[in-house]
A.B. asks: 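Take this structure first; my questions come after.
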Amino acid sequence: MHVSILLYDGFDELDAVAPFEVFQNAGAFGSDCTARLVALDDRDTVTASHGMRVGIDGVLDPDADDPDLLVVPGGGWNSRAEESAWAEAEKGDIPEAIATLHESGTTVAGVCTGGMLLSRAGILDGRPAVTHGDALDDLRATDADVVSARVVDDGDVLTAGGVTSGLDLSLHVVEREFGSDVANRVAREIEYERRTTPFEG
């Protein structure tokens, strides 16, 4: 499973780094799983919402790349920060890339307010979804079917609630793709107590 984690200026660090570590650990434990950090433009680094600068592995080309899973972090949506998921939703390039990849068969996962970028892409319409608690009213104002859950698995579209829910989402994906033994081993490695049952649409 090839995972691309899409970064932009203002993304929340944990939304992206937690899934990256989970997927890389799954690969280290023998699963066919790799993760890479990508951006839509050619650059060396991206600056996250709390100031961490992160190196980029490559440029995501929605018309040419074909990751099995695209993970979209949130960040800065609720404060309408100048560099944030909100700003990227307004620009439109990331929602367009999400829609293109989803149409080509890529499974898409939104962590925290990354789910709002999935919504702007039009792929949550009529589907169960969740986002950060402070953005739920924004999600309710869309055509998504908002549910009360930490992780929502609707097959080729997944969403997760607040910042730390990226751990739950990525561990769920690892279990879905590679089995509970691998997922539980990763959870032990990162000393994380799994405590949620995903809502499955």
Side-chain angles (χ1 to χ4, degrees), residues 1-28 31-62 64-77 83-85 87-89 93-102 104-121 123 131-132 151 153 156-178 183 186 190 192:
M1 180 175 71
H2 300 291
V3 181
S4 289
I5 301 172
L6 180 56
L7 305 187
Y8 52 87
D9 287 323
F11 79 93
D12 186 274
E13 287 88 339
L14 194 57
D15 285 4
V17 174
F20 180 85
E21 182 163 343
V22 167
F23 292 126
Q24 290 294 82
N25 272 322
S31 299
D32 183 12
C33 184
T34 59
R36 66 183 192 133
L37 304 174
V38 298
L40 284 186
D41 54 336
D42 189 10
R43 56 164 75 192
D44 293 326
T45 63
V46 174
T47 302
S49 61
H50 297 90
M52 185 168 74
R53 297 179 68 196
V54 180
I56 296 297
D57 296 317
V59 176
L60 180 69
D61 182 351
D65 290 341
D66 189 25
D68 299 302
L69 175 66
L70 177 70
V71 176
V72 184
W77 178 276
E83 294 181 333
S84 62
E88 295 301 330
D93 293 339
I94 286 180
E96 182 178 345
I98 293 168
T100 298
L101 284 166
H102 183 251
S104 70
T106 295
T107 295
V108 180
V111 179
C112 193
T113 55
M116 297 307 302
L117 288 166
L118 271 60
S119 177
R120 284 291 181 97
I123 65 173
T131 188
H132 188 283
V151 175
D153 180 346
D156 59 343
V157 176
L158 300 96
T159 51
V163 178
T164 57
S165 64
L167 285 168
D168 299 288
L169 183 147
S170 50
L171 285 166
H172 170 67
V173 171
V174 168
E175 180 167 343
R176 190 175 89 167
E177 299 298 322
F178 305 110
V186 172
I190 63 176
Y192 182 70

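Index from 1, following the sequence.
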A.B. asks: For the side chain of D57 and the backbone of L37, is there at least one donor-acceptor N/O pair under 3.5 Å apart?
C.D. replies: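 Yes, the answer is positive, given that a donor and an acceptor are paired below the 3.5 Å cut-off.
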
A.B. asks: As an exercise, state the distance from CE of M116 to CH2 of W77, rounded to the nearest 0.5 Å.
C.D. replies: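 Separation between the atoms: 4.0 Å.
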
A.B. asks: Can you name the closest pair of heavy atoms from L117 and A85 and give their distance?
C.D. replies: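 Closest heavy-atom pair between L117 and A85: CD2-O, 3.4 Å.
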
A.B. asks: Taking the side chain as every heavy atom from C-beta outward, state whether D41 and D93 have any atom pair closer than 4.5 Å.
C.D. replies: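 D41 vs D93: side chains apart.
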
A.B. asks: With side chain to side chain contact (heavy atoms under 4.5 Å, CB included) as the criterion, how do Y192 and V22 come out once you've worked through the C-alpha distance, each side chain's angles and the decisive distance to 0.1 Å?
C.D. replies: CA-CA 11 Å; Y192 182 70; V22 167; over 6 Å; no

A.B. asks: Of T107, L101, L118, which is the lone residue that meets side-chain contact (heavy atoms from CB on, under 4.5 Å) with L70?
C.D. replies: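 Filter result, single survivor: L101.
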
A.B. asks: How many angstroms lie between OG1 in T159 and NE2 in H132, if you round to the nearest 0.5 Å?
C.D. replies: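 Between T159 OG1 and H132 NE2, I get 14.0 Å after rounding to 0.5 Å.
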
A.B. asks: What are the two closest non-hydrogen atoms of A39 and V46, and how far apart are they?
C.D. replies: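 That closest heavy-atom pairing would be CB-CG2, 4.5 Å.
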
A.B. asks: Considering non-hydrogen atoms only, spot the tightest contact between I123 and I98 and give its length.
C.D. replies: CD1-CG2, 3.8 Å

A.B. asks: Report yes if the side chains of V54 and V17 come closer than 4.5 Å at any heavy-atom pair, otherwise no.
C.D. replies: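 When only atoms from C-beta onward are counted, V17 and V54 do not touch, as no gap falls below 4.5 Å.
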
A.B. asks: For residues R43 and I56, report the shortest heavy-atom separation together with the two atoms involved.
C.D. replies: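 Where R43 meets I56 most closely, the heavy atoms are O-CB, 3.9 Å.
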
A.B. asks: Taking salt bridge (charged side-chain N to carboxylate O under 4.0 Å, His left out) as the definition, give me every residue that meets it alongside D68, ordered by chain and number, with sequence neighbours left out.
C.D. replies: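 With neighbours one apart ignored, the set is empty.
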
A.B. asks: Quick one: does V72's side chain get under 4.5 Å of E88's, heavy atoms only?
C.D. replies: no

A.B. asks: Tell me, please, which residues at least two apart from D44 pass salt bridge (charged side-chain N to carboxylate O under 4.0 Å, His left out).
C.D. replies: none

A.B. asks: Please report the closest heavy-atom contact between G75 and T113, naming both atoms and the distance.
C.D. replies: N-OG1, 3.0 Å

A.B. asks: Please round to the nearest 0.5 Å and tell me the distance separating atom CG of D15 and atom OG of S165.
C.D. replies: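 Between atom CG of D15 and atom OG of S165 there are 7.0 Å.
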
A.B. asks: Kindly compute the distance separating OH (Y8) from OG1 (T47), expressed to the nearest 0.5 Å.
C.D. replies: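 The distance works out to 13.5 Å.
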
A.B. asks: As an exercise, state the distance from CZ of F11 to CE of M52, rounded to the nearest 0.5 Å.
C.D. replies: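 Here the rounded value is 5.5 Å.
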
A.B. asks: If you compare all heavy atoms of T106 against all heavy atoms of P67, which two are closest, and at what distance to 0.1 Å?
C.D. replies: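 It is OG1-O, 2.9 Å.
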
A.B. asks: Are the side chain of R120 and the backbone N or O of A89 linked by a donor-acceptor pair below 3.5 Å?
C.D. replies: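 The answer is yes, because a donor-acceptor pair under 3.5 Å joins these two groups.
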
A.B. asks: Evaluate the side-chain proximity of V173 to M1: yes if any heavy-atom separation is below 4.5 Å, no if none is.
C.D. replies: yes

A.B. asks: Roughly how far, to the nearest 0.5 Å, is CG of D32 from NE2 of H2?
C.D. replies: 6.0 Å

A.B. asks: Mind checking what makes side-chain hydrogen bond (donor to acceptor under 3.5 Å, both in side chains) contact with D12, not counting sequence neighbours?
C.D. replies: none

